[in-house]
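Keep in mind that what you see is a predicted model, and the values were worked out from it rather than measured. Both counts, for ligands and for their atoms, begin at 1 and track the order of listing.
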Amino acid sequence: MKKIVNVGIIGFGTVGSGVAKILLSKGKLLEQRSGISLCIKKICDKDFRRKRPVNVPKSLLTKNINDILNDRSIDIVVELMGGIHPAKEVVANAIANGKHVVTANKALLANHGREIFDAAHKKNVFIGFEASVGGGIPIIKALREGLIANKVNAIYGIVNGTSNFVLTRMMDDDLSFSQALRLAQDKGLAERNPRLDIEGIDSAHKLAILALLGFGVNAKPKNIYTEGIKNIDLADIQYGKKWGYALKLLAIAKLVGGKLELRVHPTFIPSRHILANVTGEDNAIFIKGDLIGEALLFGKGAGSFPAASAVISDLVDISRNVDEFSRKVKAEKVYFSGNVKGIEKIENLNTRYYCRLLAIDKPGVLAKISSVFAKKEISIANAYQIERKRGQAVPIVLMTHEAREGSIRRAMEEINKLSFIAKKTVCIRIER
Ligand code: HSE
């Protein structure tokens, strides 16, 4: 006998209409596969004038959120409003009313995930949030189920499609940052206000969620070192490319000496690295575990249908655990505290660096620069002066061996003050 589970959708935008479209068009298939009939009881939005790519009966539409929150027949609330307020209050209200919640809201979970998960656990309801990281890529399920026996040592990858698209167009077509961003906006990939994406904030939100799941670390976005791509110069991408590197915006969570490195920044990686070949708006996330070694998940990180695919996976998952008659469930905890000794300061990071200096071309310049590096115990692996223009400013590009970030920062402060340095030096971290 099929089980009927009633769903209320709050937020009828790109993802909400994708969810409605798939539930209406694939309901039978989902029922065959899972034995569950997911029934949309109500869809709430503040405005229904805009045309949506799905036709739903008018009787399902409401502008009153309480038509969902107070409807006792609704088992699962799907929160797709985005933003922190009033989404936080809506989710809290749904939980308090004993409803399971599915959300795609990364900003909300990154900032308040632990309290929401704790409230849900206390109330014995489920929270599904597969769509909050990596769109259609089942990364949350992989961490919570497929890899449950592993101690996770690292999670890293490309989790922002907009930035990856922009960097790919810069690298492949020699576009400037603003040309590539405009192209992303024209294609509907980037928002008119792209701040969250190009400043790395969206990636930091996703990394905060992964840090809680993978390592039990409750890292708020403000505790994650975050640098976006908005100051990337095409010249750096081109120099890096010449020396066999691709530039990617990486989100990195890595256990080092018992502490967790959490950082989002543009990163040079060898062009033969798998992530170097993740191009356009695609996402890809590596997980390193003590049992599996490494696993890679790749796919579309955004878009109506990939996100809807993740939301529906959560709906089916939760429904499987809901007893239709008694409504009883045993909701497990979402996260577990690991033995992580805190978040590592960015100054303690040890990695290689690419530095581009703009220096007046005259004798002794390179000697002076290398003496600053030597004083800070930074070893230079390669150094190249790009052009020859006696008495004028020319770019000098160098790569270091592994060095401490704190030392690099102090060296840069000193170097940027030297009389022959014409512009602030650009530094980009390199990972293998
Ligand atoms: N804006 C995000 C991106 C998608 O560009 O990947 C939503 O998380």
Side-chain angles (χ1 to χ4, degrees), residues 11 13-19 78-84 87 102-111 113 128-141 155-171 177-178 180-213 221 224 226-230 232 247-253 264-267 275 278-286 297-311 313-314:
T14 310
V15 182
S17 44
V19 171
V78 180
E79 183 278 306
L80 301 170
M81 318 166 78
I84 296 184
V102 173
T103 177
N105 194 330
K106 51 203 169 276
L108 175 63
L109 294 180
N111 285 287
F129 52 102
E130 188 62 73
S132 65
V133 185
I137 303 174
I139 175 77
I140 304 295
K141 221 173 183 21
I155 304 174
Y156 64 97
I158 296 164
V159 292
N160 186 262
T162 303
S163 300
N164 203 42
F165 177 88
V166 169
L167 292 177
T168 304
R169 296 279 59 90
M170 290 175 79
M171 177 141 176
F177 171 77
S178 42
L181 178 61
R182 209 166 314 122
L183 186 63
Q185 287 172 322
D186 291 346
K187 284 179 167 289
L189 291 170
E191 313 261 349
R192 286 295 122 193
N193 178 358
R195 193 183 144 251
L196 289 179
D197 293 320
I198 62 171
E199 292 186 6
I201 302 165
D202 174 80
S203 297
H205 286 158
K206 293 165 180 166
L207 192 61
I209 297 171
L210 295 176
L212 186 57
L213 279 193
I224 295 179
T226 306
E227 228 180 84
I229 62 164
K230 69 174 185 185
I232 293 294
L247 190 69
K248 294 288 172 191
L249 181 69
L250 294 192
I252 301 171
V264 172
H265 51 72
T267 316
L275 291 180
V278 174
T279 55
E281 72 266 40
D282 285 334
N283 284 203
I285 309 170
F286 266 107
L297 288 126
F298 164 89
K300 291 272 171 276
S304 177
F305 288 158
S309 161
V311 167
S313 146
D314 283 338

Under 4.0 Å to a heavy atom of G161 - the qualifying atoms of ligand 1, by number:
3 (C), 5 (O), 6 (O)

Could you check whether atom NZ of K300 has more than 12 heavy atoms from other residues, nucleotides or ligands sitting under 6.0 Å from it?
yes

How close does the nearest protein non-hydrogen atom get to atom 8 (O) of ligand 1, and which residue and atom is it?
K206 NZ, 2.8 Å

Provide, to 0.1 Å, the distance between atom 5 (O) of ligand 1 and the closest protein heavy atom, together with that atom's residue and name.
T162 OG1, 2.6 Å

Looking only at protein heavy atoms, what sits closest to atom 1 (N) of ligand 1 is D197 OD1, 2.9 Å

E79 versus L108: any side-chain heavy-atom pair under 4.5 Å?
yes

Quick one: look up the protein heavy atom nearest atom 4 (C) of ligand 1 and list residue, atom name and how far away it is.
A302 CB, 3.5 Å

Minimum heavy-atom separation for P266 to L249, with atom names?
N-CD1, 3.6 Å

Any heavy atom of K106 sitting closer than 4.0 Å to ligand 1?
yes

The criterion is side-chain contact (heavy atoms from CB on, under 4.5 Å); which residues satisfy it with T162, sequence neighbours excluded?
N160, A190, D197

Is the closest heavy-atom distance from E191 to ligand 1 below 4.0 Å?
no

Short version for N283: what comes under 4.0 Å of ligand 1, heavy atoms counted, is neither

With S309 via side-chain contact (heavy atoms from CB on, under 4.5 Å) - residues at least two apart:
none

Is any NZ, NE, NH1 or NH2 atom of the basic residue among D186 and R182 found under 4.0 Å from an Asp or Glu carboxylate oxygen of the other?
no

